[in-house]
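Working notes for the structure below.
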Number of protein chains: 2
Amino acid sequence: MRVFTTVDQRIAEQTIGRLSLYRRLLDTLMRDCVEHVYSHQLAEKTGFTSAQVRRDLMAVDTAGNTRRGYDVGELTRAIDDYLYAPSGQQVAVVGIGNLGRALLTFFSGRRPKLSVVAGFDVDEQVVDRVIHGCRVYHMDEVDRVVAEDEITLAMLAVPSEAAQPAADVCIAAGVSGILNFAPVRLKVPPSVYVSHVDLTMYLEMVAFFARQTDGDKGD
Amino acid sequence: MRVFTTVDQRIAEQTIGRLSLYRRLLDTLMRDCVEHVYSHQLAEKTGFTSAQVRRDLMAVDTAGNTRRGYDVGELTRAIDDYLYAPSGQQVAVVGIGNLGRALLTFFSGRRPKLSVVAGFDVDEQVVDRVIHGCRVYHMDEVDRVVAEDEITLAMLAVPSEAAQPAADVCIAAGVSGILNFAPVRLKVPPSVYVSHVDLTMYLEMVAFFARQTDGDKGD
DNA sequence: ATTCAGTTGTGACGCTATTCACAGGATAAG
DNA sequence: CTTATCCTGTGAATAGCGTCACAACTGAAT
Ligand SMILES: NC(=O)c1ccc[n+]([C@@H]2O[C@H](COP(=O)([O-])OP(=O)(O)OC[C@H]3O[C@@H](n4cnc5c(N)ncnc54)[C@H](O)[C@@H]3O)[C@@H](O)[C@H]2O)c1
Ligand SMILES: NC(=O)c1ccc[n+]([C@@H]2O[C@H](COP(=O)([O-])OP(=O)(O)OC[C@H]3O[C@@H](n4cnc5c(N)ncnc54)[C@H](O)[C@@H]3O)[C@@H](O)[C@H]2O)c1
């Protein structure tokens, strides 16, 4: 009975999200040859508070210097160690339509630790094509390709009615994490982690709150 | 009796997001000619608790029947009244690259209350083309088109370095809500509402938590 | 008319994330 | 060395959200 073998402490999803943002910020600092950074600087650039930043960084194995702040290189390594699998994780995009194609193009060959290596679809027009260096396979080949390429994550960009079956196929093949863009709630075993990105919902939220702020400006 | 004074009560962003989900669910119920629905049914289909659903619905002007649950038609109208502007809101997609094109195709002419009516880009190859019934204009025309079409919302899908300037142009033209897909934090006046959809962050979160459930990947 | 089963609406509560606030620490300057 | 300054790390306080639990209610059955 193993629960959280690698991670000793429960960690908030929000913290992981913010760590990912800090990590990307560190890349730009590194590019600008910045050597040290304070929590309040990371806070300023991400829109969180400095206390939030320091609290988040408690999760990773790092030690800030009370006078110089955090060493950029060391902090980068610490977050990497915490956030990414040592050997990396492979990702597939399922459903190479308008959205899937954008995802495939954007994420293929981007990060060494998290690389999109394959696409899947049922449409003969797309199958066997190579998009941005990524081969698109037929759904029938999920089992084989997922095993061969050691794919553990899937981004689902298929029509709603195809989402659950497609997820089932991926899970049966060994995928343990799904980023779902279809507007349906997936039923998955507890060993699989699903995150649901509902763009329509986000747009409606922006529409609502934009109107709230609108009313405030009195002309 | 409830009168529509301004929305004086602070409402949680999460609640608005969930209302959007309930609203979409009601469409499918309506299509199936379901007349009444219980909070626990909405809960089951969305993955929240029934108490959560009822709590959320307190925000909208509705009254459930203690025996039959909520009237689907009435609840739909109530959420619509609460969530959407009476006259609708127009949306533009800025940056018609891979992602922008997917957004434009997906959201154009979809909902009467929230319709994408224009695209903007700087690339001559895209400008003046019509995608899924939506004309793509040059960024120079933002001012004119936003005013003419009464656009109040923008979905930003431009490269990171172009995001802040593009946002500034939109805001100057009168846009008060932005859904930003570029991985940068936008600086905007308080009268503008910005929501940041960071797909890289979501993917990294899925990668992290998928590994937690995975456990050891050896043999 | 009365009972009964099953629901809504909501005050009270509890949990978790975030912020506060400060002890302790590093460095530069005198 | 000593002081001044401004940082980190973190216990404690706070705030925000979701859940519990139950009174009030509805309609059906008898
Ligand atoms: N495009 C967007 O901006 C956008 C926005 C919000 C939500 N979404 C959601 O994302 C999903 C994809 O959107 P899209 O615009 O790319 O749609 P799309 O129709 O352009 O693409 C869907 C793709 O999935 C493939 N497909 C269909 N059935 C399949 C199956 N059983 N297995 C594998 N592949 C299958 C199709 O061949 C097609 O290539 C939809 O669920 C949509 O609701 C998209
Ligand atoms: N495609 C994805 O799946 C994906 C995933 C995560 C994040 N993003 C982000 O979304 C944004 C767009 O991604 P993409 O893949 O569509 O990129 P893309 O390069 O395909 O498209 C960018 C578009 O913006 C246009 N553009 C450039 N400068 C502009 C300006 N100043 N004003 C208006 N338009 C301008 C370009 O002509 C191009 O059409 C990027 O910031 C990217 O980081 C995309």
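Each chain gets a letter, A, B and so on, in the order its sequence line appears, and its residues count up from 1.
In this entry the distance linking CZ of B:Arg18 with C1' of D:dG16 reads 12 Å, nearest Å. Taking atom CZ on A:Phe48 and atom P on C:dC20, their separation rounds to 16 Å, with Å as the unit. Distance, A:Leu57 CG to D:dG9 P: 8 Å, rounded to whole Å. We find that CD of B:Glu13 is positioned 13 Å from P of C:dT18, with the value rounded to whole Å. With rounding to whole Å, B:Arg54 atom CZ is found 16 Å from D:dC25 atom P. Distance OH (B:Tyr38) to P (D:dG27): 11 Å, rounded to an integer number of Å. One atom, CG of B:Asp71, and another, C1' of D:dG27, lie 16 Å apart when rounded to the nearest Å. One atom, CG of A:Leu19, and another, P of C:dA17, lie 13 Å apart when rounded to the nearest Å.
In this model, a donor atom of one side chain and an acceptor atom of the other lie less than 3.5 Å apart for B:Arg111 and B:Tyr84. Under the 3.5 Å distance criterion, with hydrogens and angles disregarded, a donor-acceptor pair is assigned to the side chains of B:Asp56 and B:Tyr22.
Side chain B:Arg67 to base D:dA28: no donor-acceptor pair is found below 3.5 Å. Looking at B:Arg55, its side chain comes within 3.5 Å of the base of D:dT19 through a donor and an acceptor atom.
OP1 or OP2 of C:dT19 sits under 4.0 Å from a side-chain N or O of A:Gln52. In this structure, B:Arg10 does not reach the D:dG16 phosphate: none of its side-chain N or O atoms is under 4.0 Å from OP1 or OP2. Between A:Arg68 and the phosphate of C:dT27, there is a side-chain N or O to OP1/OP2 separation shorter than 4.0 Å. At least one side-chain nitrogen or oxygen of A:Asn65 sits closer than 4.0 Å to the OP1 or OP2 atom of C:dT27.
Residue B:Ser39 is in sugar-phosphate contact alone, with no base atom involved, counting any heavy-atom pair closer than 4.0 Å across all strands shown.
Side-chain atoms of A:Thr66 lie closest to D:dT8 of the nucleotides C:dT19, D:dT8, D:dT26. Comparing D:dC17, C:dA21, D:dC7 by their closest approach to the side chain of B:Gln14 singles out D:dC17. Listed candidates were D:dC7, D:dC20, D:dT5. Nearest to the side chain of A:His40 is D:dC7. Side-chain proximity of A:Tyr70 to the nucleotides D:dT8, D:dT19, D:dT5 is greatest for D:dT8.
Counted within 6.0 Å of NE2 on A:His132, heavy atoms from surrounding residues, nucleotides or ligands total 12 or fewer; the atom is thus considered open. In A:Lys45, the NZ atom is not crowded: 12 or fewer heavy atoms of neighbouring residues, nucleotides or ligands sit closer than 6.0 Å.
Using a 30° and 60° split on the angle between ring planes, B:Tyr193 and A:Phe209 fall in the parallel class, below 30°.
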